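Here the structure comes first, spelled out in C-alpha cells, and everything after it is commentary.
Letters A, B, ... are given to chains in the order of the sequence lines, protein chains preceding strands, and every chain is numbered from 1. All figures in this text were calculated on a predicted structure; none of them were measured in a lab.
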2 protein chains.
Amino acid sequence: MEPEQQFTSIQDIGEFGLIGHLRGVLGEPEDDSILAGISDDAAVYRVDDERVHVLTTDAMIEGIHFDRTFMPMEHLGFKAISINVSDIVAMNAEPRYATVTMGVPQQVPVEALGQLYEGVKQACRAYDMTVVGGDTTAAHQFTLSVTVVGAAQEDAIVYRSGAQPGDVLCVTGDLGASFAGLKALVENREMLQEKGEENFQPNLDRFNYVIQRHLAPPAQLKAIRDWAAHDLTPNALIDISDGLASEVNHICEASGVGALVHSDKLPLAQETMDAAQHFGEDVDVFALFGGEDYELLFALPEEKLDMLSDLPPDAFFVVGRVTEKDEGVLIEQPSGETVPLRPGGFDHFRPGEANGGGRA
Amino acid sequence: MEPEQQFTSIQDIGEFGLIGHLRGVLGEPEDDSILAGISDDAAVYRVDDERVHVLTTDAMIEGIHFDRTFMPMEHLGFKAISINVSDIVAMNAEPRYATVTMGVPQQVPVEALGQLYEGVKQACRAYDMTVVGGDTTAAHQFTLSVTVVGAAQEDAIVYRSGAQPGDVLCVTGDLGASFAGLKALVENREMLQEKGEENFQPNLDRFNYVIQRHLAPPAQLKAIRDWAAHDLTPNALIDISDGLASEVNHICEASGVGALVHSDKLPLAQETMDAAQHFGEDVDVFALFGGEDYELLFALPEEKLDMLSDLPPDAFFVVGRVTEKDEGVLIEQPSGETVPLRPGGFDHFRPGEANGGGRA
C-alpha cells in the first residue's frame, strides 16, 4: 500500500507563495520580446523597436472582493476597470484596450448588467481606452475578470526594481480612505440587519468621501501624465493595492534596498481620521495596511523633486526615503522609535491575517 | 407609488442577445487603431504600420464548463489555453502571450494547481507562447479565465465577414467527438454513483478518442501555418466552439450570404459514430450542435483548393458552399431534402435548448 499523499493547502503558503510556486512550474520565459513577466504590476513586451505594450489582469469575485448588497453595479463596473488601469499606470504606461469577462448568476437581470457596463463605459472615457472584447457566461458566483493592454515607449517603462538608496519615497494621494469606507459600509449593513429597514435611518453622509474611495477608486493616470509633461521618470513605481506597507516591501525586495517611512508624513484625509476615531482604531493602521487605495508609490532622486514644483501641493507627498538594503524596511513611529515595517497587506487566502496583522 | 420596475432575465434574451445589449451600452469604438472589436472571435488592433495584435478572453467555470470529478487538472489547464488559442487562430494569427486568472476554493490543494499549470505549460509549448501574468484569488466556485494576445501581419487577418457566394465551406477535422466524449464521461459518472465504486468496472477504452477530444482539444494552429506556407488566405474564418450549425450561421450573418451544408459530407470519426449508436442518438446532431470541437470553419474560392492539394487528405474537408443571402442557410439531409440549418449551438444561459434544440 502506498503512503497517503500529503497535500499542501493554499493557506499554508499564502497568495505570494502560491504565485512563486506556479512561476516555478512555468519556468522563465524564453521569448526575448518579453521584458517583464509575472514579476511586476503588469507584463511588458516589445511591439516594435521603440514601443512596448503592457498587459495586466485582475478579477473581482462576489463575496471575496465585493458585496452586491452595498456595491452599486455601476461602481462595480467602474472599479473593475480602475484596478486594472492602476496596474498599467504603475508601469508608467497609458491604458488602451480592455476585455471584460463576466460569470453571472441566473437571477441577475439584464438591467443590472447594463448598469455595470455604464460604469465600464464611464471608466473607459475617464482613461481614454476602449473595451474590445469579453466573454459572458453563467456562473453560481458573480465574477468579473478584466484584462487591460497599455502602451508606452520602452524607455518610459518604470519597474519596481529601480529604487536607489537616497531616493525619496512618494505617494500620489491620501491613504486608508478605501478601508475606512469599507468599514462604514459594513457597519451600516450590520445595523440595518439588526434594527430592520423600518427602524433604521442610515447616516452615511459623514462617510461620503471614504465610501466613494472604496466603491469607485480612480486610477492615477493623471499623475503619470504630469510626470511625462515634466520629462520626469521615477526610478521605481508600484500601485498601492494591498496597503502601503506591503508595496514598500515589494519595491525594497525587487530593488534590493531598504526604506524608512515616517508615520507622521502619511497623507490622511480628515474624513479618514474621523472614521478611524469613530471605529476606535489607529488611522495609521488604515493607511499602512488597509489596501485598495490605488494611489501610486514611487521613488525618485531627491533633486528631481524640483521638476514637479509647479504641481499643486496635493499632487504627491513625500513619505520616506530609500536606504541601503542592510538597514531593512523600517517605519519611524510618532514617538521617534523606528520599528520594522512588515508587509501585512490583504491576502484573500488568509483573510484572518489581513489589515494590521503583519505577517512575520 | 411608482409602478414596479420590470426586469429582463438573461434567459429571455440569451447569450447573444445579452452581448448585443452590452455592445449597445458601450457604443462603437472611436479609437481608429481598432480594426475589430466585440464582433469577431478576437479583437484586432494595429501595433505599427503593418502589424496587428489580436486579443481574446474565455472563461471556464466549474459546474458550467467543466466538472472536476472527471476533468483532470492538467487537462483543464491545457484546455483553458487551447480554447483561447482557438480564437486567435480563428483570426489567422499566431498566439504570443497569455494571462491566467484563477478563482480557487479553499479546499483545492497547491498540488492540484501545480498540475493545472503543468497543463498550461504543455499548451504553451505546443503553441509557441508564454504566460506573462495572471491573478490568483480565493473563490467559492473554481474559475479559470485566460486572455491571449496574438500577432499577425494586418493583411493576413481573416474575419467572419469575408465569405463570398460560390466559396466552398471547409472544416479542418472531424466533428461531434467532444460532445460524444462528454456524454461518455457523464454516463460513466452516473453508473459509478449508481453501482458504487466496488461493483463498477469502468470501460472507457472504447471512448478514448472522443474523451481526449473533450478533455484536451488541440487548437488548429497547424492549419493556419499550412495555409501561410501555401500563401493562402481564406475569405472567412471562425472556430467551431458552439457547433458547426451555429458557426455557419455566424459567418453567413457577418458576410451577408447564405450557405448550403451537405450532411453526408460532415467528417466523423468512427468512434464518434460508435458513441452515437451506443447512446441511441443521431451522430449528425453531435456534429452540428455538439460544440467544443475547436476545429476551424473556413470559406475560400473553389479554385484555391488546388493550392492545398499536397496536404494530407485529413487536413481539411469540404462540407458545403456559400450561396446568395436570399437562399438562406440550409442543410441537405441524407434523403436529399434541404431544410433550414438553425444555430442551435450551446447557450450556457439556456441549457435546456442546447444540443439540437435549434432556436427559432
Side-chain angles (χ1 to χ4, degrees), chain A residues 7-11 13 15 18-19 21-22 25-27 29-31 34 37-38 42-43 45 47-48 53 55-59 61 63-65 96-97 99 101 103-104 106 108-111 113-114 117-118 120-121 130-141 143 145 147 149 348-349, chain B residues 7-11 13 15 18-19 21-22 25-27 29-31 34 37-38 42-43 45 47-48 53 55-59 61 63-65 96-97 99 101 103-104 106 108-111 113-114 117-118 120-121 130-141 143 145 147 149 348-349:
Chain A
F7 291 111
T8 314
S9 85
I10 302 173
Q11 292 96 304
I13 63 172
E15 183 178 348
L18 177 61
I19 293 169
H21 177 72
L22 299 179
V25 174
L26 292 177
E30 288 169 15
D31 178 341
I34 300 169
I38 298 172
Y45 46 87
V47 297
D48 64 24
H53 276 187
L55 178 68
T56 190
T57 187
D58 244 325
I61 296 179
I64 307 285
H65 301 91
R96 295 294 302 276
Y97 316 108
T99 61
T101 298
V104 186
Q106 292 275 4
V108 176
V110 173
E111 288 77 6
L113 300 179
Y117 261 66
E118 285 291 347
V120 167
K121 183 182 181 177
T130 310
V131 171
V132 294
D135 184 25
T136 302
T137 179
H140 302 305
Q141 196 176 7
T143 307
S145 175
T147 298
V149 176
H348 292 293
F349 289 108
Chain B
F7 291 111
T8 314
S9 85
I10 302 172
Q11 291 96 307
I13 62 173
E15 183 177 348
L18 177 61
I19 293 170
H21 177 71
L22 299 178
V25 173
L26 293 177
E30 288 170 14
D31 178 342
I34 298 168
I38 299 173
Y45 46 88
V47 297
D48 64 23
H53 276 187
L55 178 68
T56 191
T57 186
D58 244 325
I61 295 179
I64 308 284
H65 301 91
R96 295 294 302 276
Y97 315 109
T99 61
T101 298
V104 186
Q106 293 274 3
V108 176
V110 173
E111 287 77 6
L113 301 179
Y117 262 65
E118 286 289 347
V120 166
K121 183 182 180 177
T130 310
V131 171
V132 294
D135 184 25
T136 302
T137 179
H140 301 305
Q141 195 175 7
T143 306
S145 176
T147 298
V149 177
H348 291 291
F349 289 108

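Listed here is the closest heavy atom pair of A:Y45 and B:H53: CE1-CE1, 3.8 Å. Residue B:E15 comes nearest to A:T136 through the heavy atom pair OE2-O, 3.3 Å, listed as atom of the first residue, atom of the second, then distance. Closest approach of B:L22 and A:L113 over heavy atoms only: CD2-O, 3.7 Å. Pairing each heavy atom of B:R96 with each of A:D31, the nearest pair is NH2-OD2, 3.1 Å. Looking at every heavy atom in both residues, B:H140 comes nearest to A:Q141 through CD2-NE2, 2.8 Å. Nearest heavy-atom pair, A:D48 versus B:V47, reported as atom, atom and distance to 0.1 Å: OD2-O, 4.3 Å.
Most heavy-atom pairs under 4.5 Å with chain B, from the set A:S145, A:G103, A:A42: that is A:S145. When the candidates B:T143, B:I19, B:D58 are compared by the number of heavy-atom contacts under 4.5 Å with chain A, B:D58 comes out ahead. With respect to chain A, the highest number of heavy-atom pairs below 4.5 Å among B:T99, B:L26, B:T130 belongs to B:L26. Between chain B and the options A:T56, A:V108, A:V120, A:T147, the largest number of non-hydrogen pairs under 4.5 Å is found for A:T147.
Residues satisfying the side-chain hydrogen bond (donor to acceptor under 3.5 Å, both in side chains) criterion with A:T101, sequence neighbours excluded, are B:T57. Take A:Y97 and apply the side-chain hydrogen bond (donor to acceptor under 3.5 Å, both in side chains) test, not counting sequence neighbours, and it matches B:S33.
Using a distance-only test at 3.5 Å, with no hydrogens or angles considered, a donor-acceptor pair links the side chain of B:E111 to the main chain of A:T8.
In this structure, chain B has a heavy atom under 4.5 Å from the side chain of A:H21, while its backbone stays farther away. Interface residue B:S9: only backbone heavy atoms are found under 4.5 Å from chain A. Interface remark: B:I61 contributes side-chain atoms only to the contact with chain A (heavy atom separation under 4.5 Å).
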